[in-house]
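Below you'll find the structure, written out as structure tokens, and then a few comments.
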Amino acid sequence: MHDAYSAIPVLEKLPLNIQCIACYGDYNSKRNLKVKANKTDGVTVLVGTKEGHLLIYKVLKNPSNLKHIEVNLERSNRFFSKKPIQQLFVSPQVNIIVSLSDGIVSVFDLTTYQLITCIQRTKGATLFTSDLEEQISSTGDSAFALKLCVSVKRKLQCYFWKNQDFVELHGDVSLPDIPKTICWCKDSVCVGFKREYGLVKLDGRSSFIELSPTGKLMEPVIGKLDQQQLVLMKDETSIFINSDGDPTFKHAFTWSDNPLGIDSQPPYLIGILPKYIEVRTVEPRHLIQSIDLHKPRFSTAWRHWLFIASVTHIWALIQLPLSEQIHQLLKDREFELALQLAKRSLDDEEDVKTKQIQHIHTLLAFELFCQKKFEESLENFLKLKTDPAQVIGLFPDLLPTEYKKQLIYPYDPPVLKGSELEKGLLALIEFLTEKRNETIKHPETQIKDSYAIVEGNTTMHSKRQILQVIDTTLLKCYLKTNDALVAPLLRLPDNHCHVEEAERVLKRAQKHRELIELYKKKGLHQKALKLLLDESNKNAKKSDKSAYEYMIKYMQHLGKENVEIIFEFAPAVLKAQPLEGLQIFTGDTSEVESLPKKEVLDFLDSISHALVVAYLEHVIFIWDDSTSEFHNRLATAYKDKTLQLLKEHHDSLPEEDQLQVGCGPIELTETRGKLLTFLEISTSYQPERILPDFPTNRLLEERAILLGRLGYYQQALALYANVLKDPIRAESYCVKIYNQDPSLNKDVFFYLLKMYLKPESLDDNFDHFQTEPNERLSKANLNAALRIMYEHSNKLDPSQVLGILPELVSIANVQVFLRNVMESQTQVKHEAQVLNSLLLAESQQINEQRIFHENSKCVITDERVCRVCKKKIGVSAFARYPNDVVVHYFCCKDRKILPVS
């Protein structure tokens with residue numbers, strides 16, 4: 001794909017047989033690992049030979065000329081070991097060299113190369129692995145923990161470095177076979193046998209987990225990616241695992257040949273193959289470079305240095321400048337790898353680096369879109385805070401043509417059609433939804449972090465404008481993918497759809513109900529109702545009332561601020577469906593109840609008298625409105641309707657029949673019944689205002705109720721008794737008046753009795769009603785009077801009654817009345833006597849109790865002490881309990897609880 005490394009010879013045709021190599025460089029305790037380009041960069045390479053010699057080389061390179069390195073032999077120790085040096089490990093952090101030679105692990109000082117210690121327990125060792133973990137303190141200082149795992153036959157020995165010696169970390173772990181390779185991974189050790197891989201978890205139980213077979217060649221190879229990841233070779237295939245043995249990548253990773261070893265320099269993975277070196281990347285899985293070398297076998301690395309060795313040669317793999325690699329990768333549209341390299345670059349200033357990463361990441365997102373990986377692409381655009389309008393412009397027919405022509409892209413995006421377009425739109429919906437939520441939560445009205453796909457494109461920073469573009473585009477996407485989501489979008493309380501554009505696409509899609517929702521949310525109620533009215537007129541021919549019902553529900557939520565709009569469109573509904581249409585003003589919503597009732601009433605009055613009655617009934621009986629004007633108007637409306645029905649159906653009847661309640665058809669009976677009931681139960685109408693509107697020759701029962709409300713009880717009784725000639729109702733009226741206030745209305749029954757016995761005493765206001773001049777006291781009146789005297793004798797004054805009785809009334813007629821009066825008076829007298837006796841007995845009892853309590857005394861002497869505080873009472877205020885216990889008044893907390901001594 002591109003050149004990532006350059007192989008430069010370090011040693012050629014060494015006369016000694018190389019068995020192992022290790023390297024190290026300068027250790028920076030400040031953790032600032034950035035290397036300045038104008039300084040020499042060097043590393044020390046240790047070479048262990050079959051002859052037991054240890055060779056130390058200093059390798060230097062100059063960043064200005066990457067193909068030039070300088071190699072100097074710093075030291076040659078011929079007596080380092082008598083046997084071949086099988087393995088080397090160098091740690092400048094703790095300043096030691098760990099060597100495996102002659103079947104034992106030894107530790108040397110890195111400065112003097114003098115032997116520090118030999119781990120005698122490791123005798124018979126075949127290989128070891130080390131792990132160096134850096135720990136940062138709260139002050140920022142670094143500390144290192146070095147662990148060592150040694151394979152001795154079929155056992156693993158674990159140590160940690162402390163006080164210039166390796167101390168046993170864990171008990172020996174038994175294995176099923178002799179390991180051929182081992183490697184630390186966090187708190188586990190991965191072991192490669194001849195036929196399989198296994199994992200030893202050093203968690204106190206030393207559990208062994210079988211992982212996978214080694215493949216046909218049965219040569220285990222383990223590479224370390226980082227502290228928590230390993231790569232295992234199964235012939236040409238790599239398997240990635242974590243410290244628990246779980247796979248970390250779904251897909252296998254294949255090499256061109258069976259690697260002898262693997263090294264890692266992120267993002268690259270370097271495989272040592274029998275005849276060459278192969279450089280690959282894991283994500284994305286690409287072959288980057290192949291470098292021909294002569295029989296490479298070993299590798300060692302220190303930060304950005306990597307050395308490869310054969311039996312007689314050593315090469316340095318120098319990574320080419322990242323800027324050159326990135327430039328080539330961008331040219332080849334390998335943006336994912338270019339992005340990884342840009343994040344690892346140390347050459348640029350931080351702001352330049354951030355800008356470059358943003359640019360490459362944007363190109364990667366655009367390339368993913370061109371590859372039709374829509375979800376992945378838009379997820380990247382979301383992370384990049386890309387201007388949503390420019391992302392929307394990648395799709396057809398979502399942005400206005402003039403605006404879309406202004407957008408520039410790195411290269412032409414694909415033309416999407418059919419299923420690809422639908423898939424892309426679904427991903428765009430998810431992107432816009434996330435972007436919408438993110439934008440709404442933004443506290444400022446201007447959003448600074450909004451970036452272009454190509455520098456030079458205009459980006460939007462207004463929060464309102466961004467939301468408008470997002471919501472309008474979501475509307476278009478829903479229409480093309482799932483139109484059931486259009487209405488919920490338009491109903492959102494913070495919907496920002498562009499009205500004209502949304503109106504255009506909704507009309508084109510014939511989504512009238514959704515268009516009404518748009519108008520409703522934007523406050524364009526006249527447009528919405530006009531559209532509904534047009535639909536209603538069309539559907540009226542089909543006997544479809546749904547549009548009218550929708551209009552009713554719509555107007556029920558407009559509220560008092562839109563009352564004029566309601567008055568504009570309500571007549572059409574009320575004309576078509578009067579009763580249903582009245583729900584515009586009587587619906588069970590807070591907006592309906594807030595409408596000005598007086599204006600609504602006047603509006604309905606201009607349309608239909610029946611609607612006025614129905615509205616007033618709802619206002620009074622359902623909403624419990626006690627406004628006098630409404631009660632007056634309802635009473636008057638009932639009266640007018642009753643008179644109208646009387647005129648239609650009763651003009652042909654005799655006048656005496658016209659005065660009877662309940663005569664006539666059902667409608668008249670119901671209407672007059674409503675009027676009578678309302679006048680009886682309502683307490684909010686003003687009788688003095690509506691009484692003059694009532695005729696004097698009709699609706700006399702109603703007139704009697706109004707007269708009673710005004711306090712004219714005698715006139716009301718005169719109507720019941722002598723005009724309507726209804727003694728039962730007259731009597732009931734008296735009972736009602738008397739029960740309201742017996743003391744104030746004690747003479748009401750006497751007035752009724754007087755009207756029966758002396759009808760000539762009627763008020764002048766009733767002279768137009770005909771009486772019987774020749775028979776002033778009729779038999780009916782006399783019987784009614786005697787009934788009153790018999791039933792309500794206890795409510796009449798006997799002297800007043802006897803004073804108005806005519807001479808023609810015999811003693812026998814009033815015998816029952818007199819007997820009831822006498823019995824009543826006798827009962828009153830008896831009750832008074834009993835009460836007097838009870839009061840006298842109570843007085844005597846209280847007097848006895850007084851005498852008893854006055855006879856008891858309490859003597860306070862100088863020796864009397866308080867039961868609570870144990871101090872003398874003296875002249876202080878005190879309290880005495882019934883059992884003669886005395887305490888200070890202050891010490892008496894509860895008079896019901898006797899203090900304990």
Side-chain angles (χ1 to χ4, degrees), residues 365 369 374 378-379 381-409 413 421 424-454 456-509 511-528 531:
F369 185 88
F374 302 114
L378 295 178
E379 185 178 342
F381 278 130
L382 186 65
K383 293 177 182 177
L384 291 166
K385 301 184 184 299
T386 307
D387 180 28
Q390 300 192 30
V391 177
I392 295 167
L394 296 170
F395 295 85
D397 303 326
L398 293 181
L399 286 179
T401 306
E402 293 301 321
Y403 184 85
K404 189 173 180 178
K405 287 181 179 178
Q406 301 173 11
L407 298 178
I408 304 171
Y409 295 105
L421 176 58
L425 290 176
L426 291 174
L428 179 62
I429 288 171
E430 187 174 350
F431 166 80
L432 292 175
T433 303
E434 291 291 333
K435 192 71 177 177
R436 185 181 195 277
N437 295 335
E438 177 186 304
T439 306
I440 287 175
K441 292 177 183 177
H442 198 281
E444 305 294 334
T445 57
Q446 293 293 317
I447 299 176
K448 298 178 181 179
D449 299 334
S450 184
Y451 301 101
I453 292 179
V454 174
N457 280 346
T458 302
T459 57
M460 293 184 296
H461 296 282
S462 168
K463 180 177 179 179
R464 184 193 62 80
Q465 190 178 11
I466 292 173
L467 288 173
Q468 189 178 68
V469 170
I470 290 174
D471 284 356
T472 307
T473 306
L474 277 174
L475 173 65
K476 295 178 180 179
C477 292
Y478 288 153
L479 286 171
K480 294 182 178 182
T481 58
N482 185 0
D483 57 3
L485 297 175
V486 172
L489 170 68
L490 295 172
R491 281 195 292 266
L492 287 174
D494 52 359
N495 175 264
H496 293 82
C497 283
H498 188 273
V499 178
E500 289 77 11
E501 185 69 12
E503 183 181 33
R504 182 182 64 81
V505 297
L506 288 172
K507 282 183 177 179
R508 187 172 60 188
K511 296 291 183 180
H512 294 159
R513 289 300 170 91
E514 288 79 1
L515 182 57
I516 290 167
E517 287 293 341
L518 172 69
Y519 289 148
K520 183 178 181 180
K521 274 298 173 185
K522 298 301 181 181
L524 303 173
H525 303 303
Q526 285 179 306
K527 280 191 171 185
L531 183 58

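Model, not experiment: these values are computed from the prediction. Worth knowing before you read on, the calculation uses all heavy atoms, side chains too, and leaves out hydrogens, waters and symmetry mates.
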May I ask you to test the [X]-[Y] pair for a side-chain heavy-atom distance under 4.5 Å?
X	Y	result
Leu432	Ile392	yes
Thr458	Gln406	no
Cys497	Gln468	no
Leu428	Leu394	no
Leu421	Leu425	yes
Tyr409	Ile453	yes

**Prompt:** Could you give all pairs that pass the side chain to side chain donor-acceptor pair (under 3.5 Å) test and reach residues 383-397, with sequence neighbours left out?
**Reply:** Gln390-Asn457
**Asked** So, are Lys507 and Glu503 salt-bridged, with charged N and O less than 4.0 Å apart?
**Response** yes
**Item:** Ion pair check, Glu438 and Lys435, cut-off under 4.0 Å
**Value:** yes
**Asked** Are any side-chain N or O atoms of Lys522 and backbone N or O atoms of Val499, one a donor and one an acceptor, separated by less than 3.5 Å?
**Response** no
**Message:** Please check this pair: side chain of Ser450 against backbone of Thr459, looking for a donor-acceptor N/O pair closer than 3.5 Å.
**Reply:** no
Could you pull out all donor-acceptor pairs under 3.5 Å where a side-chain atom in residues 479-492 meets a protein atom, sequence neighbours excluded?
from: Thr481; atom 1: OG1; to: Cys477; atom 2: O; distance (Å): 2.8
from: Asn482; atom 1: OD1; to: Ala484; atom 2: N; distance (Å): 3.3
from: Asp483; atom 1: OD2; to: Lys511; atom 2: NZ; distance (Å): 2.7

**Request:** Decide yes or no on salt bridge (Lys or Arg N to Asp or Glu O under 4.0 Å) for Arg504 and Glu501, but give the supporting numbers first.
**Result:** CA-CA 5 Å; Arg504 182 182 64 81; Glu501 185 69 12; 2.4 Å; yes
**Request:** Decide if the gap between the ring center of Phe369 and the ring center of Phe395 is smaller than 6.0 angstrom.
**Result:** yes
**Item:** By salt bridge (Lys or Arg N to Asp or Glu O under 4.0 Å) - contacts of Arg513 (at least two apart)
**Value:** Glu535
**Request:** With sequence neighbours excluded, tell me which residues meet salt bridge (Lys or Arg N to Asp or Glu O under 4.0 Å) with Asp449.
**Result:** none
**Request:** Return the set of residues passing side-chain contact (heavy atoms from CB on, under 4.5 Å) with Lys404 (not counting sequence neighbours), or none when no residue passes.
**Result:** Leu399
**Item:** Distance in Å, Lys521 NZ paired with Asp494 CG, rounded so as to fall on 0.5 Å steps
**Value:** 9.0 Å
**Message:** Applying ring pair (Phe, Tyr, Trp, His ring centres under 6.0 Å) as the test, list every pair that has at least one member in residues 458-479; sequence neighbours left out.
**Reply:** none
